[in-house]
Amino acid sequence: MPSTSRSQQRRRQPIRSPQQRRPGPTTVTRHHAPAPDYTQDYMYVRRDLRLITILSSVLFFGMVAVSFAI
């Protein structure tokens, strides 16, 4: 009986037999709900961004004008 050290025993991996692949379930087509219409929401966002741009531009140019006036 050959003597094996503990480190050699620990390194041994169990030998696994190759498993056969089972065929998976057949693909089932699912009916998805139609995507929601975000047109109205985007219209509000576009309007808000336009208003923010206009107000920030007015304030920026107002600060520049005031810096020259003082």
Side-chain angles (χ1 to χ4, degrees):
M1 166 160 104
S3 65
T4 57
S5 68
R6 283 186 168 183
S7 62
Q8 287 176 340
Q9 288 177 352
R10 236 183 282 136
R11 282 189 230 159
R12 287 187 189 162
Q13 297 286 332
I15 299 172
R16 297 181 181 171
S17 61
Q19 297 176 352
Q20 293 180 349
R21 294 191 69 171
R22 295 183 204 156
T26 58
T27 306
V28 178
T29 59
R30 295 182 183 168
H31 298 285
H32 295 288
D37 185 24
Y38 291 116
T39 308
Q40 192 72 23
D41 294 335
Y42 286 142
M43 187 180 70
Y44 291 131
V45 169
R46 197 177 320 133
R47 186 192 61 169
D48 290 344
L49 287 175
R50 190 180 309 132
L51 184 62
I52 290 169
T53 303
I54 291 170
L55 287 176
S56 63
S57 298
V58 167
L59 289 173
F60 177 74
F61 289 119
M63 287 183 352
V64 170
V66 168
S67 70
F68 282 120
I70 294 180

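Every heavy atom of this structure was used, including side-chain atoms; hydrogens, water molecules and symmetry mates were not. Along the sequence shown, residues carry numbers from 1. The structure displayed is predicted, hence computed values, not measured ones.
Rounding to the nearest 0.5 Å places CG of Asp48 at 10.5 Å from CE of Met43.
Looking at residues two or more places apart in sequence or on another chain, you find no side-chain hydrogen bond (donor to acceptor under 3.5 Å, both in side chains) involving Tyr42.
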Can you give the donor-acceptor pairs under 3.5 Å from side chains of residues 55-65 to other protein atoms, not counting sequence neighbours?
from, atom 1, to, atom 2, distance (Å)
Ser56, OG, Ile52, O, 3.0
Ser56, OG, Thr53, O, 3.0
Ser57, OG, Thr53, O, 2.8

